[in-house]
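One structure is given here, and the rest of the page talks about it.
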Amino acid sequence: MASKHELKRYRNNLADELDSAALYETLAQVEKDTTRRNVFQQLADSERTHAQLWLDKLHANGIRARLPRRSVKTHLMRALVHTLGPSFVLPSIDEDRNGASNGESIGAQIANAESWHKGVRSGNDLRAAVLGANDGLVSNFCLIMGVAGAGTGNKAILLTGFAGLIAGACSMALGEWLSVTNARELARTQIAKEADEIEHTPDAERHELALIYQAKGIEAGEARRVAAQIMLDKDKALDTLTREELGIDPAELGGNPWSAAGVSFCLFSLGAIFPVLPFWWTHGLQAILQCVALSGVGLAAVGVFTSLFNGRGAAFSAFRQIVIGLIAAAFTFGVGRLLGVSIS
C-alpha cells in the first residue's frame with residue numbers, strides 16, 4: 001500500500017495530466033496549421049495516457065477516485081488560447097510543464113514538427129504584460145496610501161495618484177524603449193561581426209559550426225560535413241551561425257522598441273488606475289477603504305495570471321499577491337501617518 005504522501009502525489013499528478021490534456025485539446029481546436037494541430041492532439045492523447053497511469057495507481061491502492069475538475073489556471077489558460085491564439089500562450093504552458101513525465105518540453109516537440117520561434121517572444125510578452133500591470137498597481141497603491149496616511153485632502157491625493165500614474169508609465173515606457181533599442185543595436189553589431197568573420201576566416205567559422213553540432217550530439221565526421229555544406233552559401237551560413245552561435249533570431253532582433261514602449265505605458269497605466277479611481281467619486285475614509293478593496297481585486301487578478309508562470313495554484317498565487325501588496329501599502333500608510341504628524 002502506498003503512503004498518504006504518495007497517494008496525495010498520485011492525485012496531484014492525475015489532476016495535472018488532465019489539465020494538460022484539456023489545454024492541448026483546446027490548442028488543437030484553435031490551431032489552424034495542420035501539422036501543429038496534429039502535434040497538439042498527440043500531446044493531449046499522451047497526457048491522457050499519463051493520467052490513466054496515475055488513476056490505475058490509485059485504483060491499485062483501493063482508491064476509487066473521481067476525475068478532478070479543471071483548475072482555475074486551466075480555465076484561464078484555455079480562455080487565453082481562444083482570445084490570443086496558441087502562439088501567444090504556448091511558452092507559458094511549456095514553462096509550466098517542463099517537469100512533466102513525458103521528458104521533453106512542448107517547445108522541443110513542436111520544433112521537431114516545425115520551427116516556431118515567435119511563440120517564445122509571445123510568451124515573454126504575456127509575462128511582461130502581467131508584471132507591467134503589477135508594477136503600476138503596487139507602486140501607485142503604495143504612493144496613494146502614503147499620501148492618504150499623511151492626512152492629505154482628497155484633491156491632493158487624486159492629483160498625486162494621476163501624477164504617479166503618468167510619471168511611472170513614462171518611466172516604464174522609456175526604460176522598455178531603451179532596453180529593446182540597445183538589444184537591437186547589440187544584435188546588429190554581433191551579426192555584422194559574424195558576417196565579417198565568415199568573409200575573412202571561413203575555415204575558423206566552419207570549425208566553430210562543426211563544434212556546435214558536435215555539442216548537440218552529432219558525430220564528429222557528420223558535423224564537419226554538415227558545417228562544410230552550410231558554409232558553401234554565405235547567407236545561409238550567416239543565418240545559421242547567428243542562430244546557433246549567437247542565439248539571435250535575425251527576423252526579430254528583440255522586437256520593435258516603439259510598440260514595446262507603447263504596450264509598457266498602457267499596461268502600467270492599467271494597473272496604476274485601480275487605486276486612484278475611488279478618490280474620483282468619494283473621499284475620506286470611504287475612499288481609502290474602496291481603494292484598498294479595489295486594489296485587492298487587482299492584486300488577486302495579477303496573482304491568478306502569475307500562476308501561469310510560477311507553477312503554483314491560482315488561489316495560492318492570488319492570496320500571496322494580496323498579502324504582499326497590502327503589507328507594502330500598510331507600511332507606506334504608516335510612514336505617511338508618522339511624517340504627517342511630525343510635519344504638522
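In what follows, every heavy atom counts, from backbone to side chain, and hydrogens, waters and symmetry copies are set aside.
The CD1 atom of I288 sits 6.0 Å away from the CD1 atom of I157 when rounded to the nearest 0.5 Å. One finds the CD1 atom of I322 at 6.5 Å from the CG atom of L299 (value rounded to the nearest 0.5 Å). Note that the CG atom of D235 and the CD1 atom of I230 stand 13.5 Å from one another [nearest 0.5 Å]. Rounding to the nearest 0.5 Å gives a distance of 14.0 Å between CG of L18 and CZ of R69. Atoms NE2 and OG1, from H75 and T26 in turn, are 10.0 Å apart once rounded to the nearest 0.5 Å. Once rounded to the nearest 0.5 Å, the distance linking CG of L165 with CD1 of I144 reads 9.0 Å.
By the ring pair (Phe, Tyr, Trp, His ring centres under 6.0 Å) test, F274 is found to be paired with no residue, residues two or more places apart in sequence or in another chain being considered. Residues forming a side chain to side chain donor-acceptor pair (under 3.5 Å) with S295 (at least two apart in sequence, or on another chain): none. Residues meeting the side chain to side chain donor-acceptor pair (under 3.5 Å) test with E244, sequence neighbours left out: K216.
In summary, D239 and K236 do not engage in a salt bridge, as defined by a charged side-chain N under 4.0 Å from a carboxylate O. Contact check on E222 versus R225 returns a salt bridge, with a Lys/Arg side-chain nitrogen under 4.0 Å from an Asp/Glu carboxylate oxygen. A salt bridge does not link K234 to E205: none of the charged side-chain nitrogens sits closer than 4.0 Å to a carboxylate oxygen. In summary, R70 and D19 engage in a salt bridge, as defined by a charged side-chain N under 4.0 Å from a carboxylate O.
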*asked:* Between Y24 and Q41, does the side-chain contact (heavy atoms from CB on, under 4.5 Å) criterion hold? Intermediate values first, please.
replied: CA-CA 6 Å; Y24 298 150; Q41 188 57 56; over 6 Å; no
*asked:* Before you tell me yes or no, could you show the steps for R206 and D203 under salt bridge (charged side-chain N to carboxylate O under 4.0 Å, His left out), namely the whole-Å CA-CA distance, both residues' side-chain angles and the distance that decides it to 0.1 Å?
replied: CA-CA 5 Å; R206 181 174 62 252; D203 291 340; 2.8 Å; yes
_Is there a side-chain hydrogen bond (donor to acceptor under 3.5 Å, both in side chains) between D56 and Q52? Walk through the geometry before answering._
CA-CA 6 Å; D56 290 343; Q52 187 62 47; 2.8 Å; yes
*What do the steps show when you test L143 against T332 for side-chain contact (heavy atoms from CB on, under 4.5 Å), and what is the final call?*
CA-CA 7 Å; L143 174 64; T332 56; over 6 Å; no
_Test side-chain contact (heavy atoms from CB on, under 4.5 Å) applied to L158 and V276, step by step_ = CA-CA 6 Å; L158 193 61; V276 179; 3.7 Å; yes
*Might you work through the side-chain hydrogen bond (donor to acceptor under 3.5 Å, both in side chains) test for S46 and T49, ending with a clear yes or no?*
CA-CA 5 Å; S46 175; T49 300; 5.8 Å; no
*For I273 and F162, run side-chain contact (heavy atoms from CB on, under 4.5 Å): C-alpha distance rounded to whole Å, both residues' side-chain angles, the deciding distance at 0.1 Å, then the answer.*
CA-CA 8 Å; I273 197 66; F162 278 111; 3.8 Å; yes
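E31 places none of its side-chain heavy atoms less than 4.5 Å from the side chain of L27. Counting only heavy atoms from C-beta outward, the side chains of R184 and P257 approach each other to under 4.5 Å. For the pair I198/M231, a side-chain contact is recorded, criterion being any heavy-atom separation below 4.5 Å from C-beta on. Using a 4.5 Å heavy-atom cutoff, the side chains of R37 and V30 are not in contact. Considering only heavy atoms from C-beta on, W54 comes within 4.5 Å of R9 through its side chain. Annotation: side chain of F305 is in contact with side chain of L80 (closest heavy-atom distance under 4.5 Å). Counting only heavy atoms from C-beta outward, the side chains of K4 and K8 never approach each other to under 4.5 Å. Residues L209 and L241 form a side-chain contact, since some pair of their non-hydrogen atoms from C-beta on lies under 4.5 Å apart.
Remark: F331 CZ is loosely packed, at most 12 non-hydrogen atoms of other residues, nucleotides or ligands lying under 6.0 Å away. Annotation: R188, atom CZ; neighbour count of heavy atoms from other residues, nucleotides and ligands within 6.0 Å is above 12.
Under the 3.5 Å distance criterion, with hydrogens and angles disregarded, no donor-acceptor pair is assigned to the side chains of R312 and S317. Between the side chains of N13 and E17, no donor-acceptor pair is found at a separation under 3.5 Å.
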Could you pull out every donor-acceptor pair under 3.5 Å between side chains of residues 133-142 and any protein atom, sequence neighbours left out?
{"from": "N134", "atom 1": "OD1", "to": "Q321", "atom 2": "NE2", "distance (Å)": "2.7"}
{"from": "S139", "atom 1": "OG", "to": "D135", "atom 2": "O", "distance (Å)": "2.7"}
{"from": "S139", "atom 1": "OG", "to": "G136", "atom 2": "O", "distance (Å)": "3.4"}
{"from": "N140", "atom 1": "ND2", "to": "G161", "atom 2": "O", "distance (Å)": "3.0"}
{"from": "N140", "atom 1": "ND2", "to": "A272", "atom 2": "O", "distance (Å)": "3.0"}

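Side-chain atoms of S171 never come within 3.5 Å of backbone atoms of A167 as a donor-acceptor pair (strictly under, hydrogens ignored). Within the 3.5 Å criterion, the main-chain N or O of E185 finds a donor-acceptor partner in the side chain of T189. Between the R224 side chain and the A210 main chain, no donor and acceptor come within less than 3.5 Å of each other. Side chain of D196 to main chain of A192: no donor-acceptor pair is present (N/O by atom type, distance under 3.5 Å, no hydrogens or angles). At distances below 3.5 Å, at least one donor-acceptor pair connects side-chain atoms of S71 with backbone N or O atoms of T74. A donor-acceptor pair under 3.5 Å is absent between the side-chain atoms of T242 and the main chain of I191, judged by distance alone.
Of all heavy-atom pairs spanning L294 and P278, the tightest one is CD2-CD, 4.0 Å. The two atoms that bring A223 and I218 nearest to each other are N-CG2, 3.7 Å, heavy atoms only. In plain terms, the two heavy atoms of S264 and E176 that are nearest each other are CB-CB, 4.0 Å. Of all the heavy atoms in E199 and P202, the pair that sits closest is O-CD, 4.2 Å.
If you chain together hydrophobic residues whose side chains sit under 4.5 Å apart, L267 and M172 never meet in one group. M145 and L159 fall into different hydrophobic clusters, defined by Ile, Leu, Val, Met, Phe, Trp and Tyr side-chain heavy atoms under 4.5 Å apart, directly or through other members. Both L277 and F279 belong to a single network of hydrophobic side chains, linked directly or stepwise wherever heavy atoms of I, L, V, M, F, W or Y lie under 4.5 Å apart. The cluster map of Ile, Leu, Val, Met, Phe, Trp and Tyr, joined by side-chain heavy atoms under 4.5 Å apart, puts V292 and W280 in the same cluster. The cluster map of Ile, Leu, Val, Met, Phe, Trp and Tyr, joined by side-chain heavy atoms under 4.5 Å apart, puts L232 and L238 in different clusters.
Taking Ile, Leu, Val, Met, Phe, Trp and Tyr as hydrophobic and joining them when side-chain heavy atoms fall under 4.5 Å apart, one finds W258 in a cluster with L174, W177, L178.
Listed by first and then second residue, the ring-ring contact (aromatic ring centres under 6.0 Å, His included) pairs involving residues 198-244 amount to none (not counting sequence neighbours).
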